[in-house]
Amino acid sequence: MNSRQHTARDEFKRGFTLVELLVVIAIIGILIGLLLPAVQAAREAARRMQCTNNLKQLSLALHNYHDVCNNLPNDGYFIVGKTNRQHWMGVLAKSLPYIEGSAIYSNLQWDRNYNYGQNAEMAKTKMTAFLCPSCQQVNSVGGGETEWFTTHYYGNGGACDDKPDGAGKYGVITTRSDSGGICDNGLLTVGYHRNLSFATDGTSNTVLFFESSWNDYQGFRGWHRGTYVSAAGSDYQSPNNGYWLTCSVKFGKTAFYINAGIQAKSRGDTSTTSGTGRFSPFRVASLWTSHHPSGVNVSMADGSVHFVSDTISDNVYLSISSANCGEKYSLSSN
């Protein structure tokens with residue numbers, strides 16, 4: 001009897017009191033709180049690495065395109081010297097055969113506009129190679145672009161407006177565009193099929209693709225679209241409309257800087273009207289944006305990929321966006 005009572009008391013002593021249980025729960029909660037940011041950081045690092053790989057593959061695809069065609073694709077089917085030629089498909093669509101997208105490429109009707117029946121159907125194909133995994137918005141938000149998938153990677157059309165150090169202004173193909181001027185110094189632009197030799201500043205100093213992958217961006221459109229320019233006049237200098245899937249870089253009071261939309265929204269700026277709020281945060285020219293902390297991924301014309309901080313100087317930003325203007329700044333200058 002005494003032996004059984006002794007055993008029961010021993011078992012009772014080995015149990016947890018309520019206080020001890022609460023302490024254990026609190027410790028577990030603290031550990032989870034400490035580990036969760038590390039887990040989230042590890043996941044974001046993996047997503048950023050996948051984004052880097054996507055840009056790398058896109059750049060290699062255009063190098064293969066260049067090897068075959070001896071030039072880079074122009075962004076759309078608008079060609080300098082041709083009249084009344086609207087854009088059809090853009091740089092990403094033209095890269096499809098070089099990123100294992102030949103089946104989709106062959107189903108596009110290249111003599112029709114991007115929203116033509118069969119082309120619109122192809123836009124419903126999700127191209128993971130064109131999407132940053134850190135961005136949740138993967139569909140077009142354009143009117144009439146139902147169930148279309150978008151892209152988070154844009155061709156660099158060059159730099160416009162004032163050059164660094166007061167060295168004059170960048171040249172443009174035309175100033176007539178809904179999104180500002182069409183630059184004349186980018187590798188991927190409308191009107192011209194540029195060769196890599198155009199990048200006299202050096203392919204390692206010239207951006208080929210940049211990331212625009214902010215969830216609240218209002219300019220997401222179908223991944224197959226090109227720059228929209230229609231020539232109402234006799235030549236390319238009189239387009240009556242403009243839409244970018246390659247984007248130019250411009251500085252000054254128009255808030256063209258990295259993560260402009262994200263920073264503007266954090267300040268409480270929700271303007272969608274023209275003027276000071278035109279490009280921040282919701283207009284189509286939000287440019288280089290991402291959900292990677294403190295910067296964006298870009299690929300250079302030599303195929304390398306770099307993470308560019310959103311504290312980059314204006315001079316470096318403009319210099320790496322133009323291909324042949326001889327600026328003295330580079331990524332190593334920042």
Side-chain angles (χ1 to χ4, degrees), residues 45-75 89-102 105 127-135 151-159 183 185-189 192-213 223 226-227 245-249 258 287-290 292 295-309 312 316-327 329-334:
R47 291 191 293 264
R48 179 172 149 184
M49 185 176 296
Q50 180 59 51
C51 178
T52 298
N53 183 63
N54 288 346
L55 282 167
K56 181 74 172 180
Q57 296 307 313
L58 280 177
S59 298
L60 292 177
L62 286 203
H63 273 261
N64 290 331
Y65 182 107
H66 189 277
D67 290 343
V68 173
C69 302
N70 200 34
N71 57 47
L72 295 168
N74 72 317
D75 193 42
M89 265 69 74
V91 169
L92 295 179
K94 294 173 184 178
S95 72
L96 287 170
Y98 307 97
I99 53 171
E100 300 181 356
S102 296
Y105 181 89
M127 299 296 298
T128 55
F130 300 160
L131 298 171
C132 171
S134 292
C135 181
T151 177
H152 299 149
Y153 305 120
Y154 292 70
N156 173 40
C183 303
N185 52 65
L187 284 173
L188 302 175
T189 188
Y192 296 96
H193 291 96
R194 296 264 161 82
N195 192 284
L196 284 174
S197 61
F198 182 80
T200 54
D201 291 348
T203 55
S204 61
N205 294 322
T206 305
V207 172
L208 192 62
F209 286 105
F210 62 85
E211 187 180 1
S212 190
S213 59
W223 58 261
T227 298
L245 276 190
T246 31
C247 290
S248 57
V249 166
I258 295 175
L287 290 181
W288 300 16
T289 60
S290 84
H292 308 309
V296 299
N297 284 318
V298 303
S299 66
M300 312 303 283
D302 65 353
S304 61
V305 180
H306 299 269
F307 186 74
V308 178
S309 170
I312 188 175
V316 174
Y317 191 19
L318 290 165
S319 298
I320 63 176
S321 297
S322 69
N324 66 340
C325 295
E327 304 95 337
Y329 300 95
S330 65
L331 283 177
S332 60
S333 306
N334 202 48

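In this chain, numbering begins with 1 at the start of the sequence shown.
Separating the OH atom in Tyr105 from the NZ atom in Lys94 is a distance of 8.5 Å, to the nearest 0.5 Å. Interatomic distance, Asn53 CG to Gln57 CD, rounded to the nearest 0.5 Å: 5.0 Å. Atom-to-atom distance recorded for Met89:CE and Trp223:CH2 is 8.5 Å, nearest 0.5 angstrom. Separating the NE2 atom in His292 from the SG atom in Cys132 is a distance of 3.5 Å, to the nearest 0.5 Å. One distance of note links NE2 of His306 with OG of Ser332; it measures 10.0 Å at 0.5 Å rounding. Remark: Thr206 OG1 to Leu187 CG distance equals 6.0 Å, nearest 0.5 Å.
Residues in residues 63-72 take part in these side-chain hydrogen bond (donor to acceptor under 3.5 Å, both in side chains) pairs, two or more places apart or across chains: His66-Asn195.
The two residues Tyr153 and Ala129 make their nearest non-hydrogen contact at CE1-O, 3.5 Å. Smallest separation of non-hydrogen atoms from Ser330 and Asn205: CB-OD1, 3.6 Å. Across all non-hydrogen atoms, the minimal contact from Met300 to Ser59 is O-OG, 4.2 Å. Residues Asn297 and Cys51 approach most closely at ND2-SG, 3.4 Å, considering heavy atoms. The shortest non-hydrogen separation linking Leu318 to Ala159 is O-CB, 3.8 Å. Of all the heavy atoms in Phe210 and Val298, the pair that sits closest is CB-CG1, 3.8 Å.
Listed by chain and number, the residues in a side chain to side chain donor-acceptor pair (under 3.5 Å) with Ser213 are Glu211 (sequence neighbours excluded). Not a single side chain to side chain contact (heavy atoms under 4.5 Å, CB included) links Glu100 to another residue, sequence neighbours left out.
When atom types are taken as modelled, the side chain of Asn156 and the backbone of Ser321 share a donor-acceptor pair closer than 3.5 angstrom.
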Could you go through Val207 and Trp288, starting from their C-alpha distance and side-chain angles, then the distance that decides it, and tell me whether this counts as side chain to side chain contact (heavy atoms under 4.5 Å, CB included)?
CA-CA 12 Å; Val207 172; Trp288 300 16; 3.9 Å; yes

Check step by step if side chain to side chain contact (heavy atoms under 4.5 Å, CB included) holds for Asp201 and Ser319.
CA-CA 9 Å; Asp201 291 348; Ser319 298; over 6 Å; no

Side chain to side chain contact (heavy atoms under 4.5 Å, CB included), that's the test. Do Leu92 and Leu58 meet it? Break it down for me.
CA-CA 8 Å; Leu92 295 179; Leu58 280 177; 3.9 Å; yes

Show your reasoning for whether side chain to side chain contact (heavy atoms under 4.5 Å, CB included) applies to Leu208 and Leu188.
CA-CA 7 Å; Leu208 192 62; Leu188 302 175; 4.0 Å; yes

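The shortest distance between side-chain heavy atoms of Leu72 and Phe198 does not fall below 4.5 Å. The side-chain heavy atoms of Pro73 and Leu62, taken from C-beta on, include a pair separated by under 4.5 Å.
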